[in-house]
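A note on names: the letters A, B, ... follow the listed sequences, proteins ahead of strands, and every chain is numbered from 1. Just so it is clear, the model here is predicted, and its values are computed rather than measured.
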Amino acid sequence: MPKKIRDKVKDLLNSKEENASVIVKGWVRTKRDSKGGFSFLEINDGSCLAGFQVVADHTLPSYQAVASQLHTGSCVAVTGKLVASQGKGQQWEVHSSEIELYGSADAEKYPLQKKRHSFEFLREIAHLRPRTNTLGAVMRVRNRLSHSIHNFFQDRGFLYLNTPVITASDCEGAGEMFQVTTLDMDRLPLNNGKTDYSQDFFGKRTGLTVSGQLEGEIYAMALSDVYTFGPTFRAENSNTSRHLAEFWMVEPEMAFYDLDDDMDLAEQFLKFLMKDVMENCQQDMEFFNQRIDKTILQTLTDIVECEFERIHYSDAIHLLEKSGESFVYSVEWGCNLQSEHERYLSEKVFKKPVIIYNYPEEIKPFYMKLNEDKETVRAMDVLLPKLGEIIGGSQREDDLDKLTARMKEKEMDPEEYWWYLDLRRYGSAPHSGFGLGFERLVQFVTGMENIRDVIPFPRTPKHAEF
RNA sequence: UCCGGUGUGGCGCAACGGUAGCGCACUCGACUGUUAAUCGAGUUGUUAGAGGUUCGAAUCCUCUCACCGGAGCCA
């Protein structure tokens with residue numbers, strides 16, 4: 001049996017053993033002194049939202065130090081006995097026999113107070129914000145979601161696939177890439193006036209991945225069902241509460257799935273995750289429901305219980321055209337749906353998640369399967385009320401000639417994608433997949449307004465401090 | 001990138017073109033079990049930066065920077 005380091009607060013709160021000897025280690029959230037000769041400390045160790053109350057009285061050898069040096073932010077190790085609390089706020093507390101101060105925190109300088117801070121301010125101290133209730137709760141929920149994403153796919157026999165972060169292939173249409181190079185930027189080797197990438201580390205121009213989809217397809221065409229879950233990068237100058245330059249994406253890719261199967265999986269997936277987080281992060285989710293978004297638990301419950309609406313793109317356009325709403329962007333067949341349109345459909349018309357599918361061919365990437373009408377492709381977007389698009393997916397084009405033709409239409413060079421085309425040349429099969437922005441999921445589930453507050457270290461234009 | 005808004009003690013905010021103030025935090029004191037403890041006293045400011053208008057600018061004007069919200073791009 002491994003050595004016991006300490007007792008986690010989460011375990012102590014569920015304890016049944018009165019008078020047990022315990023060691024609590026963590027950071028002081030508040031100290032309440034009573035001149036009768038004792039102090040109450042609230043210790044949080046991140047194992048759960050709640051802290052644990054420690055009573056320190058004057059018989060403690062280190063009481064002088066406790067009273068004078070222990071402030072909010074200090075880290076301590078408390079040895080003592082678990083006893084039923086006389087106070088109202090908690091069932092248990094620790095009566096300390098020894099308190100060791102690991103590290104104090106200057107009360108006049110420590111930036112976190114016992115009161116609520118603005119998220120803007122907390123972003124400026126991203127190295128200390130995980131010590132707040134909200135960020136702690138976000139990270140525990142984020143962790144649970146991450147865990148249950150693996151559970152969902154593993155239970156269904158999907159293989160977890162690690163696709164490369166550095167890549168030479170640009171998943172066309174997915175956005176601008178960050179360039180990866182070891183060339184001396186002040187003295188670039190030239191060839192006919194252009195940068196000579198043959199002298200670069202990989203002998204060609206490379207960048208950070210914008211999607212693992214194409215690589216996912218390679219493995220789906222051998223192992224059937226795979227999923228990726230890893231960091232993704234977009235060098236877009238996006239400044240919104242829903243965009244990051246570095247974010248995590250989940251991308252399942254399934255052989256023998258058509259678009260309907262793809263939509264079924266996406267719907268089951270979202271419902272599974274939302275149900276799981278409500279069951280396994282009760283305390284944190286109640287916190288969000290109380291402090292961040294008072295409707296979030298109801299919203300999640302409704303989504304778990306409802307059936308997602310599924311409509312053709314053409315029908316969506318029709319609905320919008322005859323809606324009588326005055327949109328900033330006018331609607332006509334062939335246009336991209338704008339945020340206002342998506343929100344109208346999911347919030348006003350259906351009041352639940354909506355899957356729109358069969359989009360016009362011109363506005364979607366080359367790899368999506370062309371329908372018989374030759375005008376639309378088997379693409380689908382899952383739209384959530386308030387958040388908008390959370391999942392985008394499609395059935396992939398599995399016909400070599402059609403795929404090559406579409407690439408040429410979009411002015412792409414099929415030679416560069418020879419390996420991708422080989423998948424259609426040798427043992428091609430119908431297959432589908434989708435992508436889910438992980439932070440957007442965390443954002444939706446917690447009710448947090450800004451995506452920068454649901455990732456430990458947000459990367460956005462001009463921001464990479466921490 | 002575009003549109004709009006904001007920038008004042010450590011934090012959250014107030015102040016008609018006329019002496020920069022409040023709450024919290026912090027420091028000291030009071031209190032025999034506190035829960036955002038409570039009560040009393042006290043400390044804290046180049047009003048984002050540069051220029052301009054004015055007898056006088058936190059306040060009006062110009063530019064720069066930063067942040068927030070919305071839009072575009074998307075996940």
Side-chain angles (χ1 to χ4, degrees), chain A residues 29-42 50-58 68 71-73 83-90 93 95 105-125 128 132-133 171 173-176 210-213 231-251 266 291 327-329 336-343 363-365 381-384 387-393 434-444 449-453 455 460-463 465:
Chain A
R29 282 292 175 79
T30 67
K31 182 181 69 167
R32 297 178 285 268
D33 291 322
S34 180
K35 264 291 145 29
F38 51 94
S39 302
F40 296 99
L41 304 174
E42 192 187 327
F52 208 80
Q53 175 156 292
V54 168
V55 184
D57 70 30
H58 62 283
S68 63
H71 306 289
T72 301
V83 297
S85 178
Q86 297 167 37
K88 279 180 185 162
Q90 59 284 316
E93 64 191 19
H95 282 195
D106 186 333
E108 291 192 54
K109 290 182 183 152
Y110 186 63
L112 289 175
Q113 299 166 12
K114 303 182 220 181
K115 65 166 193 171
R116 198 170 192 157
H117 289 287
S118 69
F119 292 120
E120 290 89 339
F121 172 67
L122 291 176
R123 269 171 233 149
E124 291 169 10
I125 49 167
L128 295 172
T132 62
N133 282 336
C171 193
E176 288 296 308
V210 293
S211 163
Q213 182 202 312
T232 309
F233 309 85
R234 303 278 165 90
E236 302 280 356
N237 191 14
S238 295
N239 293 289
T240 83
S241 56
R242 303 182 310 284
H243 289 85
L244 292 164
E246 177 181 319
F247 63 100
W248 285 61
M249 192 149 64
V250 182
E251 294 178 290
R291 305 289 289 267
F327 295 114
V328 176
Y329 293 86
N336 258 312
L337 292 181
Q338 305 295 330
S339 296
E340 56 174 345
H341 307 139
E342 298 181 345
R343 293 190 63 159
I363 57 172
K364 290 290 178 183
D381 285 348
V382 182
L383 312 179
L384 292 181
L387 189 88
E389 185 181 342
I390 189 164
I391 282 181
F434 62 80
L436 168 113
F438 183 53
E439 282 73 19
R440 289 207 180 155
L441 175 74
V442 181
Q443 210 186 339
F444 188 82
E449 286 190 355
N450 198 308
I451 201 164
R452 291 161 200 152
D453 302 322
I455 186 168
T460 53
K462 305 257 160 65
H463 291 277
E465 169 97 6

A/H463 versus A/R123: any side-chain heavy-atom pair under 4.5 Å?
no
Against the side chain of A/S339, the closest entry in B/G33, B/C73, B/C74 is B/C74
Phosphate contact (B/C68 OP1 or OP2) by A/R452 side-chain N/O below 4.0 Å
yes
Between the protein and nucleotides 23-27 of chain B, list every N/O to N/O distance that falls short of 3.5 Å.
from	atom 1	to	atom 2	distance (Å)
B/G23	N2	A/K115	NZ	3.0

Rounded to whole angstroms, how far apart are CD on A/E176 and P on B/U1?
14 Å
From C-beta outward on A/M249, which listed nucleotide comes closest to its side chain: B/U1, B/A75, B/C73?
B/A75
Pair A/F327, A/H341 - check ring pair (Phe, Tyr, Trp, His ring centres under 6.0 Å), show working.
CA-CA 8 Å; A/F327 295 114; A/H341 307 139; 4.8 Å; yes
Donor-acceptor side-chain pairing of A/E449 and A/S241 below 3.5 angstrom:
no
RNA chain B: stems of at least 3 consecutive Watson-Crick or G-U pairs whose donor-acceptor distances fall under 3.5 Å
B:1-7 with B:65-71, B:10-13 with B:21-24, B:26-30 with B:38-42, B:48-52 with B:60-64
Would you classify A/L441 as touching base, sugar-phosphate or nothing, given that sugar-phosphate means primed atoms plus P, OP1 and OP2, and contacts are heavy atoms under 4.0 Å?
nothing
Report, one pair per line, the protein and nucleotides 47-50 of chain B atoms (nitrogen or oxygen only) whose separation is under 3.5 Å.
none

Contacts of type side chain to side chain donor-acceptor pair (under 3.5 Å), residue A/Q90, not counting sequence neighbours:
A/S85
Can you tell me which nucleotide in B/A75, B/G33, B/C68 comes closest to the side chain of A/F38?
B/G33
Are A/R242 and B/A71 close enough that a side-chain N or O sits under 4.0 Å from OP1 or OP2?
yes
Round to the nearest Å and state the distance from A/H117 atom NE2 to B/C67 atom C1'.
18 Å
Which whole-number value in Å describes the distance from A/E120 CD to B/A66 C1'?
12 Å
Restricting to side chain to side chain donor-acceptor pair (under 3.5 Å), what partner residues turn up for A/T460, sequence neighbours left out?
none
Please check the phosphate of B/C68 (OP1 and OP2 only) for any side-chain N or O of A/R123 closer than 4.0 Å.
yes
Looking only at non-hydrogen atoms, find the nearest pair between A/T30 and A/R32 and report the distance.
OG1-NH1, 3.2 Å
Heavy atoms only, 4.0 Å cut-off, all strands: where does A/Q86 land among base, sugar-phosphate and nothing?
base
Would you indicate what A/Y329 reaches in the nucleic acid, counting non-hydrogen atoms under 4.0 angstrom: base, sugar-phosphate, or nothing?
sugar-phosphate
Reckon A/F247 touches a base, only the sugar-phosphate, or nothing at all at heavy-atom distances under 4.0 Å?
base
I want to verify a distance call: between B/A75, B/C73, B/U34, whose nearest atom is closest to the A/F40 side chain?
B/U34
Checking all strands, does A/E124 fall into the base, sugar-phosphate, or nothing category for heavy-atom contacts under 4.0 angstrom?
nothing
Is a side-chain donor or acceptor of A/E340 paired with a backbone partner of A/Y329 at a separation under 3.5 angstrom?
yes
Checking A/H117 now: which residues fulfil ring-ring contact (aromatic ring centres under 6.0 Å, His included) with it, not counting sequence neighbours?
A/F121
Classify A/K109 by what it touches in the nucleic acid, base, sugar-phosphate, or nothing, heavy-atom distance under 4.0 Å.
nothing
With distance as the sole criterion, is a donor-acceptor pair present between the side chains of A/H95 and A/E93 under 3.5 Å?
yes
Do side-chain atoms of A/T72 reach the backbone of A/R29 as a donor and acceptor pair under 3.5 angstrom?
yes
Would you mind telling me which of B/U34, B/G69, B/G72 lies closest to the side-chain atoms of A/S241?
B/G69
For A/G437 and A/E449, find the nucleotide of RNA chain B closest to each by heavy atoms; which residue's nucleotide sits nearer the 5' end?
A/E449
Please report, rounded to the nearest Å, how far the P atom of B/U44 is from the CG atom of A/D106.
18 Å
Closest to the A/S238 side chain, choosing from B/U34, B/A66, B/C73:
B/C73
Give A/E42 one of three labels, base, sugar-phosphate or nothing, depending on what nucleic acid heavy atoms sit under 4.0 Å from its own.
nothing
Select base, sugar-phosphate, or nothing to describe what A/N239 touches, counting heavy atoms under 4.0 Å on all strands.
base
Within the structure shown, what part of the strands sits under 4.0 Å from A/H243 by heavy-atom distance: base, sugar-phosphate, or nothing?
base
Working for side chain to side chain contact (heavy atoms under 4.5 Å, CB included), residues A/T132 and A/L112
CA-CA 8 Å; A/T132 62; A/L112 289 175; 3.7 Å; yes
Could you tell me whether the side chain of A/R440 and the main chain of A/E389 form a donor-acceptor pair under 3.5 Å?
yes
With a non-hydrogen cut-off below 4.0 angstrom, is A/S39 in contact with a base, only sugar-phosphate, or nothing?
nothing
Just compare B/A75, B/G12, B/G33 and give me whichever is closest to any side-chain atom of A/S118.
B/G12
Any base atoms under 4.0 Å from A/E93, or only sugar-phosphate, or nothing? Heavy atoms, all strands.
base
Quick one: label A/R29 by what it contacts on the DNA or RNA (base, sugar-phosphate, nothing), any heavy atom closer than 4.0 Å.
nothing
